[in-house]
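See below for the structure under consideration.
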Amino acid sequence: MSTSSTGSHTPPRSHASGAVGPLAGVSGLSAAAAYAEGGGCDLAIMIVEARYERVHAALMLAVTASALGQAVLLFGMGAGVTAFCEQWEGLEQPERDAARQEAGVAGLETLRTALTDLEDVTLMVCDSGLKAMSVSEQALLAGVAVVGLPTFLDQAGAARLAVF
């Protein structure tokens, strides 16, 4: 695990783009989008709750924006960090997902898989959110960067911001 001067952490991973800073070593979820020429992202989404409807809406927005060619940054903070965990423990009302899928709408796992496959999506969680929710870094999806709020704000730059 690496630690930057801001106290931010990233999971140990390799990244061919040569990115430096708090996202160094993050792969797959395209930390390179944050360092792309011109920098920044188009849409920054904060997930601050673990309620099913809010998490689903955030993931739908992220997938749609990315499919339209926008660089997306998702950031979990507080209870929202549970949306970035390998398992869905902590998600409120998870039973709603089955009804959503029966209606022909993509479920949470489908949306999250799409996000991890897209090159212009960066996933981050707040280091203090992990502590507050007693979630270990090992519980996170591969490639999720653990950062401080200043790093999120820096990477979001002047992007549109949506809070769920």
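In what follows, every heavy atom counts, from backbone to side chain, and hydrogens, waters and symmetry copies are set aside.
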Keeping the roles fixed (side chain from Thr113, backbone from Thr110), state whether a donor-acceptor pair exists under 3.5 Å. no
Please tell me if the side chains of Val48 and Val163 come closer than 4.5 Å, counting only heavy atoms from C-beta onward. yes
Check Ala71 against Cys41 and note the closest heavy-atom contact, atom names and distance. O-CB, 3.6 Å
What residue pairs, at least two apart or across chains, pass side-chain hydrogen bond (donor to acceptor under 3.5 Å, both in side chains) with a residue in residues 67-85? Gln70-Arg160
For Phe75, check ring pair (Phe, Tyr, Trp, His ring centres under 6.0 Å) against everything at least two apart and list the hits. Phe152
Can you list every pair that meets ring pair (Phe, Tyr, Trp, His ring centres under 6.0 Å) and has a residue in residues 92-119, with sequence neighbours left out? none
How would you list all residue pairs meeting salt bridge (Lys or Arg N to Asp or Glu O under 4.0 Å) that involve residues 148-159, not counting sequence neighbours? none
Spatial distance of atom CE (Met77) from atom CE (Met46) [nearest 0.5 Å]: 4.5 Å
Does any pair with a residue in residues 77-96 pass salt bridge (Lys or Arg N to Asp or Glu O under 4.0 Å), and if so which ones, sequence neighbours excluded? Glu53-Arg96
Rounded to the nearest 0.5 Å, how far does OG of Ser66 lie from CG of Leu118? 4.0 Å
Minimum heavy-atom separation for Ala83 to Val55, with atom names? CB-CG1, 3.8 Å
Least distance between heavy atoms, Asp127 atom then Gly148 atom: OD1-CA, 3.7 Å
Show me the donor-acceptor pairs, under 3.5 Å and distance only, between side chains in residues 56-63 and residues at least two apart or in other chains.
residue, atom, partner, partner atom, Å
His56, ND1, Arg100, NH1, 2.9
His56, NE2, Ala106, O, 2.8

Considering only residues two or more places apart or on different chains, which pairs with a residue in residues 96-121 satisfy ring pair (Phe, Tyr, Trp, His ring centres under 6.0 Å)? none
Under the rule for side chain to side chain contact (heavy atoms under 4.5 Å, CB included), what residues qualify as partners of Ser134, not counting sequence neighbours? none
Under the rule for side-chain hydrogen bond (donor to acceptor under 3.5 Å, both in side chains), what residues qualify as partners of Glu109, not counting sequence neighbours? Trp88, Arg112
Drop me the distance from Lys131's NZ to Cys126's SG, to the nearest 0.5 angstrom. 9.0 Å
Set of residues satisfying side-chain hydrogen bond (donor to acceptor under 3.5 Å, both in side chains) with respect to Asp97, sequence neighbours excluded: Tyr52, Gln101
Residue pairs meeting ring pair (Phe, Tyr, Trp, His ring centres under 6.0 Å), one or both in residues 105-151, sequence neighbours left out, come to none
Using 0.5 Å steps for rounding, measure from the CG atom of Leu123 to the CG atom of Leu74. 5.5 Å
Test item: Thr122 and Val72 side chains (from C-beta on) under 4.5 Å apart, heavy atoms: no
I'd like to know whether Phe84 forms a side-chain contact (heavy atoms from CB on, under 4.5 Å) with Val135, so could you lay out the CA-CA distance, the side-chain angles of the two residues, the decisive distance to 0.1 Å, and finally the verdict. CA-CA 10 Å; Phe84 298 83; Val135 173; over 6 Å; no
Restricting to pairs with a member in residues 89-129, which pass ring pair (Phe, Tyr, Trp, His ring centres under 6.0 Å), not counting sequence neighbours? none
I need the minimum non-hydrogen distance between Ala156 and Ala44, along with the two atoms involved. CB-CB, 3.8 Å
Measuring from Gln87:CD to Leu141:CG, what's the distance to the nearest 0.5 Å? 9.5 Å
I need the minimum non-hydrogen distance between Ala65 and Leu43, along with the two atoms involved. CB-CD2, 3.7 Å
How long is the span from the CG atom in Leu108 to the CG atom in Leu91, to the nearest 0.5 Å? 6.0 Å
